[in-house]
Amino acid sequence: MRYWLMKSEPNVFGINHLEKVGTEPWDGVRNYQARNFMRDDMRVGDKVLFYHSNSKPSGVAGLAKVVRTGYPDHTSWDPESKYHDPKSTPETPRWFMVDLGYVSTFKQVVSLDEMRQAEDLADMVLLNRSRLSVQPVDKAHYDLIVAMGKNKR
DNA sequence: GCCAACGTTGGC
DNA sequence: GCCAACGTTGGC
């Protein structure tokens, strides 16, 4: 069992959208490190912190889980898609995605500011390499953030 | 909307 | 293989 943090802009696709649809293919990731995590390391049942970026406030908004392991991102070879990459083809796909399932929504977002103030979270990837949109999370960090989210109820 | 951080591209 | 130019992310 591994733990992850995945970012999304809530005005594009937030935790409420995920709740509504139940399951969502995580297409459009165009960063090699993020791709490698999805393609190689994610397993069905892995737990995911669902992070709202470009938001007020930005922070973890709820929980999700991996419901399908890595498979080629078909938007990458679709010329109509905004995620089109001419170097990716069905024969040699360059980009991969997983499917995410909805788990729960925090009563209030655990904000980036709160996480920065929590000493125990200081070495989270989020707080040190902030631009990575798919990143691994330690179990202890995951558990603490879930507790912070629950304490708001 | 600004802009710093940082990942990617491509000329050499 | 270096590194300048460029594009994107994401907090503010």
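Here the structure is a predicted model, which means the values were calculated and not measured. So that the names make sense, note that chain A is the first sequence line, chain B the second, and so on, each numbered from 1.
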| note | When rounded to whole Å, the CG to P distance for the pair A/Asn36 and B/dT8 reads 10 Å
| query | Looking for any heavy atom pair under 4.0 Å, which part of the strands does A/Arg30 touch: base, sugar-phosphate only, or nothing? | reply | nothing
| task | Classify the side-chain pair A/His74/A/Asp27 by whether it contains a donor and acceptor separated by less than 3.5 Å. | result | no
| field | Residue A/Lys87, side-chain heavy atoms: nucleotide from B/dG10, B/dG7, C/dG11 that is nearest | value | B/dG10
| task | Find the distance between NZ (A/Lys20) and CZ (A/Phe13) and round it off to the nearest 0.5 Å. | result | 10.0 Å
| said: What is the distance, to the nearest angstrom, from the CE atom on A/Met6 to the P atom on C/dG10? | reply: 12 Å
| When the distance from CG of A/Leu5 to P of C/dG10 is rounded to whole Å, what number comes out? | 10 Å
| request: To the nearest 0.5 angstrom, please state how far the CG atom of A/Leu5 sits from the CD atom of A/Gln135. | output: 4.5 Å
| For C/dG11, does either OP1 or OP2 sit under 4.0 Å from a side-chain N or O belonging to A/Tyr51? | yes
| Side-chain N or O of A/Ser58 less than 4.0 angstrom from OP1 or OP2 on C/dG10? | no
| said: Once you measure the plane-to-plane angle for A/Phe50 and A/Trp26, does it fall in the parallel (<30°), tilted (30-60°) or perpendicular (>60°) bin? | reply: perpendicular
| Should A/Arg2 and A/Phe37 be marked as a side chain to side chain contact (heavy atoms under 4.5 Å, CB included) after you check the CA-CA gap, both sets of side-chain angles, and the distance that decides it? | CA-CA 11 Å; A/Arg2 297 207 201 188; A/Phe37 288 135; over 6 Å; no
| remark: To the nearest angstrom, the NZ-C1' distance between A/Lys56 and C/dC12 comes to 11 Å
| said: Any side-chain N or O of A/Lys7 below 4.0 angstrom from OP1/OP2 of C/dT9? | reply: no
| task | May I have the distance from A/Tyr32 (atom OH) to C/dT9 (atom P), rounded to whole angstrom? | result | 14 Å
| Residue mapping more 5' on DNA chain B - nearest nucleotide basis, A/Asn54 or A/Arg94 | A/Asn54
| note | Rounded to whole Å, the CD-P distance (A/Glu9 to C/dC12) equals 15 Å
| query | Whole Å only: how far is the CG atom of A/Leu132 from the P atom of C/dG11? | reply | 13 Å
| Rounded distance in Å - CG (A/Leu126) to P (B/dA5) | 17 Å
| request: Looking only at side-chain atoms of A/Arg131, point me to the closest of C/dG10, C/dG11, B/dT8. | output: C/dG10
